[in-house]
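Accompanying notes for the structure given below.
For the single chain, residues carry numbers from 1 onward in sequence order.
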Amino acid sequence: MAASSSKRFLPCVLLLVAAAVSLNCCLSATAHSLADGDGAGDNNDDGMMMSRFQQWKAEYSKSYATAEEERHRFQVYASNVRYIESINADAEAAGLTYELGETAYTDLTNDEFMALYTVPPQWQLAADDDGALITTRAGAVDGTGHALVYTNLSAAPASVDWRKKGAVTPAKNQGSCGSCWAFAAVAAVEGINKIRTGKLVSLSEQELVDCDTLDSGCKGGIHFRALQWITSNGGITTEKDYPYKAKQGKCDRSKLPHHAATISGFRRVATNSEAALQNAAAAQPVCVSIEAGGTNFQHYKKGVYNGPCGTKLNHGVTVVGYGQEGKDKYWIVKNSWGANWGDKGFIKMKKNIAGKPEGLCGIAIRPSFPLKK
């Protein structure tokens with residue numbers, strides 16, 4: 001009787017086992033579906049990658065509107081992480097002197113990143129824009145008699161870091177507005193204002209975005225035209241008075257007379273001369289244009305960046321010093337992608353590359369700096 005009863009219940013037991021296996025497979029498939037992506041990577045790594053993604057989201061306060069968007073962003077993130085690890089593993093053999101790492105932008109493709117945080121390569125300058133240059137042999141002075149540049153390289157310090165001299169505000173974030181030109185100009189004005197007055201004041205990029213008619217707001221601009229506008233306006237107000245909104249709005253003309261900092265003009269550094277750029281940067285922070293936004297540039301974390309990049313100038317930044325790390329000489333560059341990019345918002349870019357008078361990424365093509373009495 002017991003044997004007969006056992007045989008009767010055996011099919012039920014088998015059905016329960018089968019159902020449990022099927023349910024487990026379904027749950028497993030659901031858990032892995034977000035991590036599967038486009039087939040990249042081994043399934044064994046998916047759980048670890050998903051855990052890493054969740055930690056990254058928490059660190060950078062990321063959230064997504066839909067499950068579909070989150071799945072897509074995870075796929076992009078996973079692809080970028082694998083790229084970062086691959087480049088870092090081969091960095092020495094490839095001659096790279098820097099490391100890539102996760103930043104606030106690791107969930108963006110490079111095309112998305114460039115569309116959001118750079119502008120199309122800037123137009124050719126008119127002939128009358130090529131005046132007001134300085135060279136390594138020009139002993140230019142401003143209205144107070146201060147030398148604007150060192151007249152030769154031997155006179156310039158071996159290294160300068162304007163951050164250590166209190167002349168640089170923390171890295172700011174332009175957001176998805178092509179206003180890098182305004183951030184580059186403002187950083188330079190903040191620097192010379194500190195050097196001349198002893199006070200470091202965070203100034204308003206938004207005033208330039210909204211009110212500078214020489215440039216094009218979130219659609220782009222050129223830093224020395226921003227300096228020209230500040231000069232003609234008689235000064236610029238503080239960030240607190242005219243806060244940044246990452247979009248162009250109507251100019252608040254009531255703020256225009258609020259001059260927290262003033263400049264008396266600007267000068268452009270001789271093009272294609274890192275020696276001239278060094279002379280200028282030894283005296284104060286300097287605005288420059290570069291080609292930025294390539295995949296390695298997007299994921300830069302630390303070290304001396306030595307490429308790849310070209311000279312299609314699509315981004316404005318500020319040189320806030322220079323130095324040397326081992327055998328590698330570099331520029332200290334303040335970016336406008338926030339403190340969660342690069343080295344707290346800054347990047348070291350290789351300096352004095354043989355055969356590149358334009359400098360890495362075109363850094364020596366279009367430098368300029370403000371004058372202050």
Side-chain angles (χ1 to χ4, degrees), residues 116-120 122-123 125-126 129 132 167-194 196 199-268 284-290 292 313-320 333-338 345 366-372:
L116 286 170
Y117 297 104
T118 66
V119 296
Q122 294 164 342
W123 57 90
L125 300 179
D129 282 329
V168 183
T169 58
K172 303 180 185 182
N173 195 338
Q174 70 184 67
S176 56
C177 167
S179 54
C180 55
W181 57 274
F183 284 82
V186 162
V189 175
E190 290 170 343
I192 192 61
N193 189 62
K194 162 65 177 177
R196 292 287 187 264
K199 298 178 181 179
L200 180 63
V201 181
S202 184
L203 302 174
S204 175
E205 292 84 8
Q206 192 66 42
E207 184 175 14
L208 290 172
V209 171
D210 290 350
C211 305
D212 175 0
T213 56
L214 302 176
D215 292 291
S216 302
C218 287
K219 295 180 180 179
I222 300 178
H223 43 75
F224 67 77
R225 288 179 179 165
L227 297 177
Q228 182 179 345
W229 184 89
I230 294 171
T231 304
S232 64
N233 185 60
I236 186 170
T237 191
T238 64
E239 181 182 20
K240 183 178 181 180
D241 185 42
Y242 203 145
Y244 189 65
K245 298 180 179 178
K247 61 181 180 180
Q248 186 171 1
K250 183 178 180 180
C251 177
D252 186 348
R253 301 190 64 83
S254 69
K255 308 287 186 178
L256 296 183
H258 298 182
H259 298 157
T262 62
I263 57 175
S264 55
F266 73 95
R267 289 288 183 270
R268 291 188 58 208
Q284 65 188 91
V286 178
C287 316
V288 294
S289 299
I290 60 173
L313 308 180
N314 62 3
H315 192 51
V317 291
T318 311
V319 172
V320 296
V333 176
K334 182 183 183 182
N335 203 351
S336 54
W337 294 341
R366 190 182 290 162
S368 66
F369 58 88
L371 308 178
K372 184 172 177 63

Specify the closest pair of heavy atoms between Trp337 and Ala292, including all atoms of both residues, with the distance to one decimal.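 Closest approach of Trp337 to Ala292: CH2-CB, 4.1 Å.
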For Ala171 and Lys334, which heavy atoms make the closest approach, and how far apart are they?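 Closest approach of Ala171 to Lys334, heavy atoms only: CA-CE, 3.9 Å.
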His258: what forms a side chain to side chain donor-acceptor pair (under 3.5 Å) with it, not counting sequence neighbours?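 Per chain and number, His258 pairs via side chain to side chain donor-acceptor pair (under 3.5 Å) with Asp241.
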Going by side chain to side chain donor-acceptor pair (under 3.5 Å), name the residues that satisfy it together with Ser232, two or more places apart in sequence or in a different chain.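 If we apply the side chain to side chain donor-acceptor pair (under 3.5 Å) test to Ser232, skipping adjacent residues, there are no hits.
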Glu207 side chain to Thr237 side chain, donor-acceptor N/O pair below 3.5 angstrom: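 Side chains of Glu207 and Thr237: no pair found under 3.5 Å.
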Distance-only donor-acceptor check, side chains Lys255 and Ser204, under 3.5 Å: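 No.
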If only atom types and distance count, is the side chain of [X] paired as donor or acceptor with the main-chain N or O of [Y] below 3.5 Å?
X	Y	result
His223	Arg366	yes
Glu190	Leu203	yes
His315	Ser336	no

Quick check for you: to the nearest 0.5 Å, what is the distance between [X] atom [atom1] and [Y] atom [atom2]?
X	Y	atom1	atom2	value
Ile236	Trp229	CD1	CH2	6.5 Å
Gln174	Glu205	CD	CD	10.0 Å
Leu371	Thr231	CG	OG1	7.5 Å
Gln206	Lys247	CD	NZ	9.0 Å
Ile290	Leu313	CD1	CG	9.0 Å

Test salt bridge (Lys or Arg N to Asp or Glu O under 4.0 Å) applied to Asp252 - qualifying residues, sequence neighbours left out: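 Partners of Asp252 by the salt bridge (Lys or Arg N to Asp or Glu O under 4.0 Å) criterion come out as none, since no residue qualifies.
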Is any side-chain heavy atom of Leu208 less than 4.5 Å from a side-chain heavy atom of Ile230?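 Yes, at least one pair of side-chain atoms sits under 4.5 Å.
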pair Ile222-Ser368: side-chain heavy atoms closer than 4.5 Å: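 Sidechains of Ser368 and Ile222: no contact.
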Candidate pair Cys287 and Phe266, rule side chain to side chain contact (heavy atoms under 4.5 Å, CB included), full reasoning: CA-CA 11 Å; Cys287 316; Phe266 73 95; over 6 Å; no
